[in-house]
2 protein chains.
Amino acid sequence: MELTDRKKQILKVVVEEYVRTAEPVGSKAIAARMGGAVSSATIRNELADLAELGYLEQPHTSAGRVPSPRGYRLYVNELMERQKLSLSETEEINQALRIKMEELDRVISQAGRAVSAFVNYPAYVTAAGRRSAAVRRFELLPVDGESCIAVVMLDHGRVKSQLLRAQLPVEVEQFPVLVNLLNSHFTGAPAGELNQRLMQVAGQIPPPLFLLLSQTVGYACDLLEEAGRREIVTAGAKELLKLPEFRDADKAHELMSFLTDRKESLPMPEDEGPMKILIGPENVSDALKDTSVVIASYDIGQDMRGLIGVVGPTRMDYATVAARLSGFADALTRMFGTHTLLPKEEPKE
Amino acid sequence: MELTDRKKQILKVVVEEYVRTAEPVGSKAIAARMGGAVSSATIRNELADLAELGYLEQPHTSAGRVPSPRGYRLYVNELMERQKLSLSETEEINQALRIKMEELDRVISQAGRAVSAFVNYPAYVTAAGRRSAAVRRFELLPVDGESCIAVVMLDHGRVKSQLLRAQLPVEVEQFPVLVNLLNSHFTGAPAGELNQRLMQVAGQIPPPLFLLLSQTVGYACDLLEEAGRREIVTAGAKELLKLPEFRDADKAHELMSFLTDRKESLPMPEDEGPMKILIGPENVSDALKDTSVVIASYDIGQDMRGLIGVVGPTRMDYATVAARLSGFADALTRMFGTHTLLPKEEPKE
DNA sequence: GTTAGCACTCAGGGAAAGCGAGTGCTAAAC
DNA sequence: GTTTAGCACTCGCTTTCCCTGAGTGCTAAC
């Protein structure tokens, strides 16, 4: 038995109708939506074939048909019409991203909320460097005899600073020495190596200075580690409650717990494709076995990359979600391209 | 009719039993829990009195009794036994707060999650200054001819920095001039005044410098505004789904939306008392009319103050929540007292 | 290959019945 | 006056049963 064009057409109608109503779709309804060209009896024959081929399922004998994961997959791969965003939708995205680009974390969490509100499903957002970061430059600003501000400049122009307190007094003249030492020995190296280098210079400088030094390096290590660790922000878990498949509080609770407490297990594809759709059992995590995830990637500067994902029931409006999500990803890429949050790395390096 | 000791005792049992089981409490159960000193018939008479006095309600004729908000209030004010935290609970709190004290925001959001997990209800956390903040000191670190790092030191030793790009080249020798200007004209003032001062010096310095100056001041304004604005973090909304009163998805959704989208309306008492309990209709927001909120405050340094709140059904285990919450608040206060995140303000000022 | 017709299936909804926890009242006991 | 046993009554909840109707699968005719 082969998959004729008409069968595909019917599958498409079933998916779209089921997505809309969340109710199994009957032969009559399909015949109606196909313009009455064929009768419901014909449709029934076709439906039986589609079920046998594994594209449709039947909740029980006397109910309509529901797409199987395989059916959704075919729909997504071949049948789905690529939607374009309307002008007002594009405007909505831009509006949502019209935020002060302060820290990356904030942008990401704001983006998460916005995406979720935009697609009406829970969403998650991440950003991670493609290679490990390193300190580009150190600076120390004396505050008083016992404390100073450590300024650490990372790649991509990210700057962080913190107040340090040396327990022992340090001469102001010593600071340039320390800064020199920091910049000559502790720049350009990955976090793991910094502590080794610290050990190497341990004996060569007086204790008060070393204390400050190690505090600064420790701070830098923290920053690098934090920059390397990808932070995952989830938003809009509450959207689940609007869906009929999650009216059951236990089910909703389970997935929400997953979204908030085990974010790390959310799918984070490494490959570079612009968009990925995981349907039901295609998901690795058990908790996502009967949900679908749509993931788009966006660029942050040259070598950082982020993901936006949307989690929903397998009965998801893939066409709309895909369109909106990729619109969002594009907007983010554009925004990071033009904005000053992460200026281009200096060429002279 | 007066409120005898025995009536109070019965009310206490009703509250505690109802909190435990979420089911209306019957006369027999009460008699049993009071050691069989009186019969259920006697209890019934007392229950009728308590209902008439407004401390109890009856969902329907043939059901047991349920505390009214007034009943809970009496319980909280007079009847509730102040619980002490067990050693393991104290340890659990300390464990949860054993985090790197990086930025205030992170500490707060981590604390929110921890509190929520600890009491099994949604929680929220805030921090706000008691008076408006001001910049204590500026510093500019040249990076190359066109950009520099602005370091802004606020009260309480909070330091923030950002990379600025002047569109026009600036001589390195000019930076100390600029820093002087910044420190002499733009420190100690509230955010609102900074822009006025910027106008005053506008004509007196060359454009490239002024550009950098205004960027720096703008950055400082943002920081001050951000520091003044109290950020509210909510966590653990999903805990609601475990409660029988929120098995209804719509109800849960409504409260969750409130918790995530209209946080600002959560109760934030101004008065200094260490703990506040709002029961059902005592809440101002409609969305909280049949929930209760328990709020504790903690100190951050000398003149910042934070709140932790817990939101739950009126049928809340007030004794335990109150004990755990105040334990948490104490732990936070202690932590901020000893930690270096916000060192004491220098006395010489 | 398509269609009309028809018997069959089965979830969902509503009515009816039974159950049981709990009440309120009365009258007797303390 | 307070407490208690006894008893009739109430009423939400659960179960059962029946009915309805949407939808199917099959067969036979087109």
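Residue numbers start from 1 in every chain, and the chains themselves are labelled A, B, ... in the order their sequence lines are given, proteins ahead of strands.
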| query | Among C:dT3, D:dT24, D:dT4, which is the nearest nucleotide to the side chain of B:Ser39? | reply | D:dT4
| query | How close or far is atom C1' of C:dC10 from atom CD of A:Glu23, stated in whole angstroms? | reply | 15 Å
| query | Can you check the B:Met34 CE to D:dT4 P distance for me, whole Å? | reply | 11 Å
| field | Nearest heavy atoms of B:Val293 and B:Pro267, plus distance in Å | value | CG1-CG, 3.8 Å
| message | How many whole angstroms separate atom CD of B:Glu17 from atom P of C:dA21? | response | 16 Å
| field | N-O pairing of A:Arg33 and A:Glu17 below 4.0 Å | value | yes
| request: Please report, rounded to the nearest Å, how far the P atom of C:dT23 is from the CD atom of B:Glu52. | output: 16 Å
| Approximate separation, where rounding is to 0.5 Å, of A:Lys276 NZ and A:Leu307 CG | 10.5 Å
| request: Could you tell me the separation between the CD atom of B:Glu46 and the P atom of D:dT3, rounded to a whole number of Å? | output: 7 Å
| query | For nucleotides 13-23 of chain D, read 5' to 3', which letter fits each nucleotide if B means a protein heavy atom sits under 4.0 Å from the base, S means only the sugar-phosphate is that close, and - means neither? | reply | ----------S
| field | Those residues that, when tested against B:Tyr72, pass ring-ring contact (aromatic ring centres under 6.0 Å, His included) (two or more places apart) | value | B:Tyr318
| query | Mind checking what makes salt bridge (charged side-chain N to carboxylate O under 4.0 Å, His left out) contact with B:Arg113, not counting sequence neighbours? | reply | none
| For the helix from C:dG1-D:dC30 to C:dC30-D:dG1, what angle lies between the axis at the first five pairs and the axis at the last five pairs, to 10 degrees? | 20°
| request: Nearest whole angstrom, please: distance from the C1' of D:dT24 to the CG of A:Asp49. | output: 14 Å
| request: Could you tell me whether the side chains of A:Arg315 and A:Tyr18 share a donor-acceptor contact shorter than 3.5 Å? | output: no
| said: Using the side-chain contact (heavy atoms from CB on, under 4.5 Å) criterion, which residues pair with A:Ala117? Sequence neighbours excluded. | reply: none
| field | Length of the CD1-C1' vector between B:Ile10 and C:dT23, whole Å | value | 15 Å
| request: Whole angstrom is fine here: how far is it from CG in B:Asn45 over to C1' in D:dG6? | output: 14 Å
| task | Answer with base, sugar-phosphate or nothing: what part of the nucleic acid does B:Ala37 contact at a heavy-atom distance below 4.0 Å? | result | sugar-phosphate
| request: For the residue pair B:Glu57 and B:Ser68, confirm or rule out a side-chain donor-acceptor distance under 3.5 Å. | output: no
| request: For B:Asp49, enumerate each residue passing the side-chain hydrogen bond (donor to acceptor under 3.5 Å, both in side chains) test, keeping only those at least two apart in sequence or located in another chain. | output: B:Lys7
